[in-house]
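To keep things clear, I will list the structure first and then write my remarks on it.
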Amino acid sequence: MLPKSYVVFKWAVYAAATLLLCALQSLVLNHIQIFRFTPFLYPVLPAMVAMFEGARPGAVFGFVFGLLCDLLLPAPFRGFFVLIFPVAAAASAGVAERLLSRGLLCGLIVSALAMFLTACLRLVVQILSGGQYLGLMAEIALGEAVLTLPAAALALPLYRAIFKRCAADY
């Protein structure tokens, strides 16, 4: 069993890295627009953490990060991010633990999976509210995913460094 101070330190470092990546989203990526689409890094972050840390810690991280995103970001409904981020994190951990080794390819696949799950929930919400903009929502989801995957490649080395450093300590 790990000492409590180690666990607190590790998750504080993950939180600081996530805050840095959220600042990147807010200050840089939100101002990039290619063919009317903007990268959307937020769903990728819990997926990346879960890829390294596993399903249960990743889902808890996804829940807490989703709660913060629900408080700070616009969403189709309150609780949207709290609902989807833990699911995306658990699915990503499953991919990393059972199908692929942790690396760039796995990181891109779990990022695409997180973007896909987020898009699916958005489409379900759209269908439940009348479904008149399904084509537009699907187009936005695809455009966001294409632009977000290169940005996800920036998050991977940061989270990998934290994981490796903390794993080397214990």
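Values below: every heavy atom of this structure, side chains too, minus hydrogens, waters and symmetry copies.
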Could you grab the distance from atom [atom1] of [X] to atom [atom2] of [Y], nearest 0.5 Å is fine?
X: Leu128; Y: Leu123; atom1: CG; atom2: CG; result: 11.0 Å
X: Arg165; Y: Ile162; atom1: CZ; atom2: CD1; result: 12.0 Å
X: Ile127; Y: Leu134; atom1: CD1; atom2: CG; result: 5.0 Å
X: Leu41; Y: Leu149; atom1: CG; atom2: CG; result: 10.5 Å
X: Leu117; Y: Leu83; atom1: CG; atom2: CG; result: 10.5 Å

Tyr133 atom OH: more than 12 heavy-atom contacts under 6.0 Å: no
Between Tyr42 and Phe40, is the ring centroid distance below 6.0 Å?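 Between Tyr42 and Phe40, the centre distance is under 6.0 Å.
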Verify the ring-centre separation between Phe65 and Phe85: is it less than 6.0 angstrom?
yes
Run the numbers on Val44 and Met115 for side chain to side chain contact (heavy atoms under 4.5 Å, CB included), then give the verdict.
CA-CA 7 Å; Val44 170; Met115 295 297 295; 4.1 Å; yes
Quick check: do [X] and [Y] have side-chain heavy atoms less than 4.5 Å from each other?
X: Phe61; Y: Pro86; result: no
X: Met51; Y: Cys106; result: yes
X: Phe52; Y: Leu156; result: yes
X: Arg122; Y: Gln126; result: no
X: Cys22; Y: Leu72; result: no
X: Phe163; Y: Lys10; result: no

Under a single-linkage definition using a 4.5 Å side-chain heavy-atom cutoff for Ile, Leu, Val, Met, Phe, Trp and Tyr, are [X] and [Y] assigned to the same hydrophobic cluster?
X: Phe77; Y: Leu68; answer: no
X: Val64; Y: Val13; answer: no
X: Phe9; Y: Leu20; answer: yes
X: Leu73; Y: Ile140; answer: yes
X: Ile109; Y: Leu104; answer: yes

Nearest heavy-atom neighbours spanning [X] and [Y]:
X: Gly66; Y: Val82; value: C-CG2, 3.5 Å
X: Leu158; Y: Ala17; value: CD2-CB, 3.6 Å
X: Thr118; Y: Pro43; value: OG1-CB, 3.4 Å
X: Glu97; Y: Gly54; value: OE2-CA, 3.3 Å
X: Leu121; Y: Ile84; value: CD2-CB, 3.8 Å
X: Ser26; Y: Asn30; value: CA-ND2, 3.5 Å

Please lay out, stage by stage, how Phe37 and Glu139 fare under the test side chain to side chain contact (heavy atoms under 4.5 Å, CB included). CA-CA 9 Å; Phe37 303 117; Glu139 183 182 338; 3.7 Å; yes
*When you measure from the side chain of Thr18 to the backbone N and O of Tyr14, does any donor-acceptor pair fall under 3.5 Å?*
yes
Q.
side chain to side chain contact (heavy atoms under 4.5 Å, CB included) for Gln25 and Leu21? Distances and angles first, verdict last.
A. CA-CA 6 Å; Gln25 172 72 48; Leu21 292 167; over 6 Å; no
Which is it for Ser92 and Val49 under the side chain to side chain contact (heavy atoms under 4.5 Å, CB included) test, yes or no, and what are the steps along the way?
-> CA-CA 9 Å; Ser92 298; Val49 171; over 6 Å; no
